[in-house]
Novice: 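First the structure, which I've put down as structure tokens, then a few questions once you've had a look.
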Amino acid sequence: MWQAIGFLIACLLTTGVIEAQYVDSAVCGGCHQEIVRNFKQTGMGRSAYRPNAQNIVEDYRSHNTLEHRPSGRYYTMTERNGKFYQRRHQIGFDGQETNVDEKQADFVIGSGNHARTYLHRAADGKLVELPVSWYAEKGGYWAMSPGFDRPDQKDFRRIVPEDCLFCHSAKASEPSAIDCQRCHGPGGAHVAAAGSGHATAEVIRRAVINPARLNRDRQLEVCMQCHLETTSRYVPNAIRRYDRTPFSYLPGQPLGDYTIYFDHGNTAEDDRFELAHASYRLRKSACF
């Protein structure tokens, strides 16, 4: 009986017929300690977290003021009492500071292997992207976040939608590192089967998605859910289907059932390098 139930649960989760039941990623470590420990050292395993004294790599004490000439604003990154801030000011006609504001960096987005960007939790609960990021190359330095290096940049007003968090966080409400369930699907049925005391090893395995058992297209789409971007420009590269929410994609589903992607035509710019389109360029490569 457990084998039949486990197989049914796995099939329903794969097709999205029943509501996905996610679990705390710490639960995975109960049985898969080494896998979880190693994954936490990867870039995805460090994709989002709260900053603290143990995980900072940034320079908050020297070379921590940035002049953004296109917008006439200055930003200073500081640490006080274990909390981290970005402060903005401009220089008025009298030569004194004006238009001063400061926001706390409540969350870090990015492992720091290449860069880190910061989010502030506003009073209304919304997440706001802060304008300055830390870049790891050349020993590390502060510079404007992607999309902010322009005269009309958003400053402290760029709201972060759930669609953006989907590829950087395990969940939307409280940004946290991508976990096992991004590639294996919701773990609730798997955990329930493993803890039941009745299920066979095969039932337990079937109660969660194993990308290795998917066909080639579905395997690639597990990666493409975040690494397919046909363009980084302002025209949309994709539109999520109207009946789908940002975190509703499940590994094993056809990606086209979740999002409609738009390609650009064959032009001289067809091979330009953009931000998150590794899968797009892989498909165009000779080795693919």
Side-chain angles (χ1 to χ4, degrees), residues 16 19-20 22 25 43-44 46-51 71 75 84 86 88 101 103-112 114-134 143-150 152-179 181-183 185-186 221-251 253 255-264 274-280:
E19 182 180 358
Y22 289 90
S25 59
M44 287 194 295
R46 296 179 289 125
S47 64
Y49 43 91
R50 286 185 177 273
S71 65
Y75 296 96
F84 305 89
Q86 291 192 11
R88 178 205 68 215
D101 196 5
K103 303 294 183 188
Q104 182 176 341
D106 295 306
F107 300 97
V108 179
I109 299 294
S111 66
H114 301 288
R116 286 179 165 184
T117 296
Y118 309 89
L119 306 184
H120 168 71
R121 176 81 76 185
D124 61 2
K126 293 180 180 178
L127 293 170
V128 178
E129 181 180 351
L130 298 183
V132 181
S133 291
W134 174 263
M144 300 303 289
S145 301
F148 282 84
D149 197 12
R150 47 190 296 167
D152 59 346
Q153 52 107 341
K154 292 288 188 179
D155 192 51
F156 291 149
R157 302 183 304 277
R158 188 176 186 179
I159 302 298
V160 179
E162 287 187 346
D163 290 280
C164 291
L165 285 174
F166 172 65
C167 286
H168 295 277
S169 173
K171 49 191 174 182
S173 58
E174 178 83 1
S176 59
I178 294 168
D179 63 21
Q181 297 167 104
R182 178 52 53 89
C183 297
E221 287 171 349
V222 171
C223 302
M224 288 162 59
Q225 61 177 302
C226 289
H227 293 281
L228 174 63
E229 185 178 64
T230 58
T231 180
S232 304
R233 297 190 174 187
Y234 293 106
V235 295
N237 80 296
I239 294 179
R240 180 166 36 84
R241 292 187 181 273
Y242 77 95
D243 58 343
R244 301 298 295 268
T245 58
F247 283 77
S248 67
Y249 174 74
L250 299 177
Q253 292 180 333
L255 190 58
D257 291 351
Y258 171 72
T259 299
I260 301 172
Y261 288 88
F262 300 97
D263 200 356
H264 47 78
E274 299 191 62
L275 291 180
H277 66 334
S279 297
Y280 178 76

Novice: Is any side-chain heavy atom of R240 closer than 4.5 Å to a side-chain heavy atom of D163?
Specialist: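 Contact flag for R240/D163 side chains = yes.
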Novice: Considering non-hydrogen atoms only, spot the tightest contact between A177 and S47 and give its length.
Specialist: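 In terms of heavy atoms, the two residues are closest at CA-OG, 3.4 Å.
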Novice: Q225 versus R182: any side-chain heavy-atom pair under 4.5 Å?
Specialist: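 With C-beta onward as the side chain, the pair touches.
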Novice: Let me confirm one number: the OG-CD distance from S279 to E229, rounded to the nearest 0.5 Å.
Specialist: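 So the gap between those two atoms works out to 11.0 Å.
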Novice: Look at the rings of Y258 and Y249 and say which category their plane angle falls in: under 30° parallel, 30 to 60° tilted, over 60° perpendicular.
Specialist: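 If you compare the ring of Y258 with that of Y249, the planes turn out tilted.
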Novice: Could you walk me through whether R244 and D257 satisfy the side-chain contact (heavy atoms from CB on, under 4.5 Å) test, starting with their C-alpha distance in whole Å, then the side-chain angles of each, then the deciding distance to 0.1 Å, before giving a yes or no?
Specialist: CA-CA 9 Å; R244 301 298 295 268; D257 291 351; 4.3 Å; yes
Novice: In this structure, are over 12 heavy atoms from other groups packed under 6.0 Å from M44 atom CE?
Specialist: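 At most 12 heavy atoms, drawn from other residues, nucleotides or ligands, come within 6.0 Å of this atom.
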Novice: Can you tell me how far the CE atom of M224 sits from the CG atom of L255, to the nearest 0.5 Å?
Specialist: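 Interatomic distance, M224 CE to L255 CG, rounded to 0.5 Å: 6.0 Å.
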Novice: Nearest 0.5 Å, what's the CZ-NE2 distance between F107 and H168?
Specialist: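 If we round to the nearest 0.5 Å, F107:CZ and H168:NE2 are 15.0 Å apart.
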Novice: Taking the six-membered ring of F84, is NZ or CZ of R50 closer than 6.0 Å to its centre and within 45° of its axis?
Specialist: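 Output no; distance or angle outside limits.
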Novice: For the residue pair V160 and I109, establish whether any side-chain heavy-atom pair is separated by less than 4.5 Å.
Specialist: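 Contact flag for V160/I109 side chains = no.
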Novice: Mind checking the CG-CD1 spacing from L119 to I159? Nearest 0.5 Å is all I need.
Specialist: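 Result: 10.5 Å between the selected atoms.
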Novice: How far does CZ of R88 sit from CG of D155, to the nearest 0.5 angstrom?
Specialist: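 Atom-to-atom, R88:CZ and D155:CG are 4.5 Å apart.
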Novice: Indicate yes or no: does D243 engage R241 in a salt bridge with an N to O separation below 4.0 Å.
Specialist: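 A salt bridge is absent here (no side-chain N lies under 4.0 Å from a carboxylate O).
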Novice: So does A48 get a backbone contact from the side chain of S169, meaning a donor-acceptor N/O pair under 3.5 Å?
Specialist: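 No, the answer is negative, given that no donor and acceptor are paired below the 3.5 Å cut-off.
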Novice: Closest approach of P186 and Y22, non-hydrogen atoms and distance?
Specialist: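 So the minimum-distance heavy-atom pair works out to CG-CZ, 3.7 Å.
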Novice: Do the side chains of N237 and F262 get nearer than 4.5 Å, heavy atoms only?
Specialist: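 The answer is no, as the side chains (C-beta and beyond) never meet within the 4.5 Å cut-off.
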Novice: Are M144 and Y75 packed together at the side-chain level, in the sense that at least one heavy-atom pair is separated by less than 4.5 angstrom?
Specialist: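 M144 reaches Y75 side chain to side chain.
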Novice: Please report the shortest heavy-atom distance between F156 and D101, naming the atom on each side.
Specialist: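 Heavy-atom minimum between the residues: CD1-OD2, 3.7 Å.
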Novice: For Q104 and H120: C-alpha separation, side-chain torsions, deciding distance, then whether side-chain contact (heavy atoms from CB on, under 4.5 Å) applies.
Specialist: CA-CA 6 Å; Q104 182 176 341; H120 168 71; 4.2 Å; yes
Novice: Would you say the side chain of L127 lies within less than 4.5 Å of the side chain of R121, judging by non-hydrogen atoms?
Specialist: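 Sidechains of L127 and R121: in contact.
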Novice: Once you round to the nearest 0.5 Å, how far does CZ of F148 lie from CD of E129?
Specialist: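 Separation between the atoms: 4.5 Å.
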Novice: Among all residues two or more places apart in sequence or in another chain, which pass the side chain to side chain donor-acceptor pair (under 3.5 Å) test with T259?
Specialist: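 Partners of T259 by the side chain to side chain donor-acceptor pair (under 3.5 Å) criterion come out as none, since no residue qualifies.
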Novice: Heavy-atom distance under 4.5 Å between the side chains of K154 and P131, does that happen here?
Specialist: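 Sidechains of P131 and K154: no contact.
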Novice: Determine yes or no for a side-chain-to-main-chain donor-acceptor pair under 3.5 angstrom, with Y49 supplying the side chain and G110 the backbone.
Specialist: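 Present.
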Novice: S145 versus R158: any side-chain heavy-atom pair under 4.5 Å?
Specialist: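 Contact flag for S145/R158 side chains = no.
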Novice: What heavy-atom pair brings A172 and P175 nearest, and what distance separates the two atoms?
Specialist: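 Between these two residues, the closest heavy atoms are O-CD, 4.2 Å.
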